[in-house]
Amino acid sequence: MRLNKYIAHHSSYSRREADKAIQDGYVRVDGEIQTNPATQIQEGVNIVYISGKQVSPRDKYTVIVYNKPKGELVTKSDPKGRRTIYDTLSKEYKHYVPVGRLDYASEGLLLLTDASRVASALMESNLERIYKIKIKGEVTPDMEDAMLKGMTLDDASAGGHSHSKIKEMEFKPFIGYKVQKNQPNYSILKVALSEGKNRELRRFFAHFGAEIVDLKRISFAEIELNNLPEGKVRFLSRSEYSALAKFLKDEKKSALKENNEKRSFKSEKKTTFKENKPAQKKR
């Protein structure tokens, strides 16, 4: 993890504030001053201090559900002065990390947490995300075929942000979809995805000439938006925390197993090379 990201995740500093503190020489990693915000940090291994105060990962974590309205950016601050989610959220959530993003024109369920490891695990997961969307025009057979089979586009810039550098994009088959209304003027669908790429749905439907005019995330795994008012937050329920704890435990087991397999493979390679080494001639 980058040093500036580590500090922003585990303190009240924003990413820009972390950058400035690092560049001004206020940050030490393992006792040495670091002035490069891109310095790589390993949680639980490197010791980080900022202005003499240690920045440490938290063992305990909190996750909140925020019903993001349209017209807010999911970022700490915006150079253009546009409204961000942190303008609405209470100060106590200033250091919380968003789990993925919803673009400026999208709304609905956004998870935030005070633990970067939780945010990373959820963002990188294949957990189901469900969206309710409204598109201009009809749902066509070609759209349905692509939703079922997936597709790869060499140019997926349509539907993306004008400044986005992403062009190629692979769209996995949707977990599922349901057409709730299909009309020549507009159509309404519920779609379930296993990932959350940059403006993925907007790019997908733009490829078929259909603009998304409304996009709302209504669930993330077992966490539902339900009737949470727009611009409000809630904590996870006991059952939601239990499901999350099980997921994180399974992910940790999987990661440990993968690491052990890699170590075992490296060990086998070394042993094989040693066995195949020609014997030295005795003098």
Side-chain angles (χ1 to χ4, degrees), residues 1-2 4-5 8-9 15 37-38 40 68 70 72-76 78-80 82 84 97-111 116 119-179 186-221 251 254-255 258 262:
M1 179 185 294
R2 288 166 58 103
N4 58 352
K5 187 176 180 181
H9 280 191
R15 187 76 67 89
Q40 289 297 308
K68 175 195 170 305
K70 292 181 181 181
E72 286 186 353
L73 291 170
V74 182
T75 184
K76 288 275 185 180
D78 179 55
K80 296 181 180 179
R82 290 171 294 182
T84 77
V97 184
V99 177
R101 297 184 183 276
L102 286 172
D103 63 46
Y104 190 74
S106 298
E107 60 184 319
L109 184 148
L110 180 68
L111 300 177
S116 61
S120 296
L122 288 172
M123 278 188 278
E124 295 165 7
S125 74
N126 292 323
L127 293 172
E128 182 181 80
R129 290 94 154 150
I130 298 180
Y131 302 82
K132 186 172 182 178
I133 60 175
K134 180 179 179 180
I135 65 171
K136 288 184 178 179
E138 292 181 294
V139 178
T140 66
D142 285 344
M143 286 181 194
E144 295 196 65
D145 188 59
M147 284 191 276
L148 290 170
K149 298 177 182 178
M151 66 177 179
T152 300
L153 297 179
D154 293 330
D155 185 1
S157 54
H161 192 278
S162 58
H163 298 300
S164 175
K165 295 179 181 178
I166 299 171
K167 287 205 74 177
E168 290 183 20
M169 186 171 283
E170 180 185 355
F171 301 86
K172 291 182 181 178
F174 289 16
I175 294 175
Y177 72 93
K178 182 178 181 181
V179 180
Y186 72 91
S187 301
I188 296 174
L189 309 87
K190 268 188 182 180
V191 299
L193 307 181
S194 61
E195 55 188 0
K197 292 180 180 177
N198 181 279
R199 297 174 72 96
E200 181 177 7
L201 284 170
R202 295 188 187 277
R203 293 174 191 266
F204 180 94
F205 285 97
H207 173 68
F208 299 99
E211 179 188 351
I212 291 181
V213 291
D214 286 313
L215 190 157
K216 184 174 187 177
R217 183 156 60 200
I218 57 178
S219 72
F220 192 116
E251 286 292 294
S254 178
E258 187 177 338
K262 286 180 180 178

Exercise. Any donor and acceptor pair, going by atom type alone, linking the side chain of Lys167 with main-chain N or O of Ala156 inside 3.5 Å?
Worked result: no

For this session: Please say whether the positively charged group of Lys136, taken as NZ for Lys or CZ for Arg, lies over the ring of Tyr186, i.e. under 6.0 angstrom from the six-membered ring centre and within 45 degrees of the axis.
Result: no

Problem set entry | Residue pair Leu215, Leu201: steps toward the side chain to side chain contact (heavy atoms under 4.5 Å, CB included) verdict | CA-CA 9 Å; Leu215 190 157; Leu201 284 170; 4.1 Å; yes

Problem set entry | Taking every non-hydrogen atom, the tightest pair across Glu168 and Asp154 | CG-O, 3.3 Å

Exercise. For the side chain of Gln40 and the backbone of Met1, is there at least one donor-acceptor N/O pair under 3.5 Å apart?
Worked result: yes

Problem set entry | Test item: side-chain donor near acceptor, Arg129 and Ser194, under 3.5 Å | no

Exercise. Have Asp155 and Ser157 got a donor and an acceptor in their side chains that come within less than 3.5 Å?
Worked result: yes

Exercise. Which atom pair, heavy atoms only, marks the closest approach of Leu110 to Gly100?
Worked result: CD1-O, 3.9 Å

Problem set entry | Rounded distance [0.5 Å steps], CG in Leu193 versus CD in Glu200 | 5.0 Å

For this session: Evaluate side chain to side chain contact (heavy atoms under 4.5 Å, CB included) for Leu109 paired with Ile218, printing each intermediate quantity in order.
Result: CA-CA 6 Å; Leu109 184 148; Ile218 57 178; over 6 Å; no

For this session: Indicate yes or no for a side-chain donor-acceptor contact from Arg199 to the backbone of Gly159 under 3.5 Å, with no hydrogens or angles considered.
Result: yes

For this session: Please test Asn126 against Lys172 for side chain to side chain contact (heavy atoms under 4.5 Å, CB included), starting from the C-alpha separation and ending with a verdict.
Result: CA-CA 11 Å; Asn126 292 323; Lys172 291 182 181 178; 3.9 Å; yes

Problem set entry | Heavy-atom closest pair, residues Ala210 and Met143 | CB-CE, 3.6 Å

Exercise. Which distance, rounded to the nearest 0.5 Å, do you find between the CD of Glu195 and the CG of Leu127?
Worked result: 12.5 Å

Problem set entry | Atom pair CZ (Arg203) and NE2 (His161), whose distance is rounded to the nearest 0.5 Å | 10.5 Å

For this session: Name the orientation class of the two ring planes belonging to Phe171 and Phe204 (parallel below 30°, tilted from 30 to 60°, perpendicular beyond 60°).
Result: perpendicular

Problem set entry | Ionic contact status for Asp214 with Lys70, cut-off 4.0 Å | yes

Exercise. Does a donor on one side chain and an acceptor on the other come within less than 3.5 Å for Glu144 and Tyr177?
Worked result: yes

For this session: Please report the closest heavy-atom contact between Val99 and Arg217, naming both atoms and the distance.
Result: O-NH2, 4.2 Å

Exercise. Side chains of Glu170 and Lys197: does their closest heavy-atom pair fall under 4.5 Å?
Worked result: yes

Exercise. In Å, rounded to the nearest 0.5 Å, how long is the span from NZ of Lys178 to CD1 of Ile130?
Worked result: 11.0 Å

Exercise. Would you say the side chain of Ser164 lies within less than 4.5 Å of the side chain of Asn198, judging by non-hydrogen atoms?
Worked result: yes

Exercise. Is there a side chain to side chain contact (heavy atoms under 4.5 Å, CB included) between Leu122 and Phe220 once you walk through the steps?
Worked result: CA-CA 9 Å; Leu122 288 172; Phe220 192 116; 4.2 Å; yes

Exercise. Among Leu189, Ile188, Val213, whose side-chain contact (heavy atoms from CB on, under 4.5 Å) with Ile135 holds?
Worked result: Leu189

Exercise. Is atom NZ of Lys190 surrounded by more than 12 heavy atoms (other residues, nucleotides or ligands) closer than 6.0 Å?
Worked result: no

For this session: Indicate the atoms forming the closest heavy-atom contact of Thr84 with Glu72, along with that distance.
Result: O-CD, 4.0 Å

Exercise. Would you say the side chain of Ile133 lies within less than 4.5 Å of the side chain of Phe205, judging by non-hydrogen atoms?
Worked result: yes

Seminar exercise, completed: For Ser106 and Lys68, the nearest pair of non-hydrogen atoms, with its separation, is O-NZ, 2.6 Å

Exercise. Would you say the side-chain atoms of Lys5 pair up with the backbone N or O of Pro37, donor to acceptor, closer than 3.5 Å?
Worked result: no

Exercise. Going from CZ on Arg15 to NZ on Lys76, what distance comes out if it is rounded to the nearest 0.5 angstrom?
Worked result: 9.5 Å

Problem set entry | Met147 and Asp145, any side-chain heavy atoms less than 4.5 Å apart | no

